[in-house]
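Below is one structure; the comments refer to it alone.
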Amino acid sequence: MATQSFDIGKGIFWFFIRFGERPAGALWLMLFQTLCVLALMGVGVLVMGPAYLNLFELIGADATGHLADAEAARLVLDVMMPFLTYGFLIVPVTLLLAVMFQAAWLRFLTKGEIKPVIPLRLGGDELRLIGVNLLYLAVAVMAYFGIVTVLGLFGFGAIMMAQGGGDFAALGVGAGLLIGTGVLGVLIGLVILGVRLASAPALTVLDGRLRFFESWEASKGVFWALLASYVVVYVLMGLVGGILGVIVQLVLLAAFLPMIIEFVDMADHGQMADPDAVLASLQSSFTEPGTIVAMIAGFAVLYAIQVLLEGIWHSVGAYNAVRVRSGGEGEAGDAPVLGKDHPMGASPSEG
């Protein structure tokens, strides 16, 4: 059966097509992810709360000018230890959760599947996605060194041109054009590489095997349609995220408005803010129930927006992965498989 042609409209709105098929499941997945992040933030508050209190104490003691060196060292250690402990614990947990949610969303976007009750899993999909992300990292590292090399060669050429004598203005323009050409070439190369490899995670989940360079094959002949879809989605994400983000920020600003008005009034009357009074005001604001509720609600809404936008962004590559299945949308079929004679090498037989 022939591969479907690329429908830009579906590429842009694939998330909403899937959402329309299973709205309750998509909303539960979005809510569950938001709740997990809020739980991590709650753990962070419990761990980091004493550190911030010690930080306020350190600032207040330093402002008085009577802080001994030994006491300062103790306070700095009290401030730093929770940061180091929390960072050591939270980084691997956050990365693991990110892969698990990536797999959950890609299962939904490619197969319309959401696991019951708890949508997260730690199995084959997640392990294969770790491999895909590590391959992305390897490509990024190689691209970085390639970019440095290319720009270094162009910069060296520009320097040689500038030292060659002759008309200074002409040499300056030539050197600038040479460097600009190098930068433009690098940007174009990065865009091509990013678009051509963008379907790898979705293909991996859809096919149940590690897929990476197969994404290059999957984007063959539809690069411009993919690029146009990503550009439109990026613009829409910017508009929606910007508008909703401003609204949430205004709500959060309103929660701190009494404290802001107090400081503005002091400034209008030429009064200098006492450090102890500032710290007391900050502590009072952060312990007000209304402020706490507003902050939690604001962060929850902001993160829910981020989850929605990430799902929309993943949906372009997911649609392309579904499209290249021989059976069309959602039917049984195989993702593109590389043969032994392919320049990238044959596809792995095991995930």
[atom1]/[X] to [atom2]/[Y] distance, rounded to the nearest 0.5 angstrom?
X      : Y      : atom1 : atom2 : answer
Leu95  : Ile130 : CG    : CD1   : 9.0 Å
Ser199 : His314 : OG    : NE2   : 12.0 Å
Phe19  : Phe16  : CZ    : CZ    : 8.5 Å
Asp125 : Thr204 : CG    : OG1   : 9.0 Å
Met237 : Leu308 : CE    : CG    : 9.0 Å

task: Could I get the full list of salt bridge (Lys or Arg N to Asp or Glu O under 4.0 Å) partners for Glu126, not counting sequence neighbours?
output: Arg107

- prompt: Listed by chain and number, what are the salt bridge (Lys or Arg N to Asp or Glu O under 4.0 Å) partners of Lys115, not counting sequence neighbours?
  reply: Glu113

Same cluster or not: [X] versus [Y], using hydrophobic residues (I, L, V, M, F, W, Y) connected whenever any side-chain heavy atoms lie under 4.5 Å apart?
X      : Y      : answer
Leu203 : Val99  : no
Leu227 : Leu184 : yes
Trp216 : Leu137 : no
Tyr144 : Leu197 : no
Leu127 : Leu210 : no

query: With sequence neighbours left out, what residues match Trp224 under ring-ring contact (aromatic ring centres under 6.0 Å, His included)?
result: none

- prompt: Taking only residues two or more places apart in sequence or in another chain, which ones pass ring-ring contact (aromatic ring centres under 6.0 Å, His included) with Tyr136?
  reply: Phe212

message: Taking atom OH as the centre, does Tyr234 end up with more than 12 heavy-atom neighbours from other residues, nucleotides or ligands that are less than 6.0 angstrom away?
response: no

- prompt: Does atom CG of Leu239 have more than 12 heavy-atom neighbours, drawn from other residues, nucleotides or ligands, at distances under 6.0 Å?
  reply: yes

task: Run the numbers on Val139 and Leu193 for side-chain contact (heavy atoms from CB on, under 4.5 Å), then give the verdict.
output: CA-CA 9 Å; Val139 170; Leu193 189 65; 3.6 Å; yes

task: Please list all pairs passing the ring-ring contact (aromatic ring centres under 6.0 Å, His included) test where one or both residues lie in residues 181-201, with sequence neighbours left out.
output: none

Closest heavy-atom pair and its distance - [X], [Y]:
X      : Y      : result
Ala318 : Leu109 : CB-CB, 3.6 Å
Leu106 : Pro201 : CD1-CB, 3.6 Å
Ile114 : Pro119 : CG2-CB, 4.2 Å

- request: Quick one: do Lys220 and Glu217 satisfy salt bridge (Lys or Arg N to Asp or Glu O under 4.0 Å)? Show the steps, please.
  value: CA-CA 5 Å; Lys220 186 177 181 179; Glu217 291 289 310; 5.1 Å; no

Any heavy-atom pair between the side chains of [Y] and [X] that's under 4.5 Å?
X      : Y      : result
Leu31  : Leu27  : no
Val205 : Phe108 : no
Ile8   : Leu226 : no
Gln306 : Glu310 : yes
Val324 : Glu214 : no
Leu97  : Leu40  : yes
Phe32  : Leu120 : yes
Asn320 : Val222 : yes

Any donor-acceptor pair under 3.5 Å from Arg211 side chain to Ala200 backbone: no

Backbone N/O of Leu206 and side chain of Arg209: donor-acceptor pair under 3.5 Å: no

message: Would you say Arg196 and Ser219 are linked by a side-chain donor-acceptor pair, where the criterion is simply a distance under 3.5 Å?
response: yes

query: Do Tyr319 and Phe6 have ring centroids that are under 6.0 Å from one another?
result: yes

Sub-6.0 Å ring centroid separation between Trp313 and Phe15: no

- line: For Leu190, the side chain to side chain contact (heavy atoms under 4.5 Å, CB included) test, sequence neighbours excluded, returns Ala143, Ile147, Val186

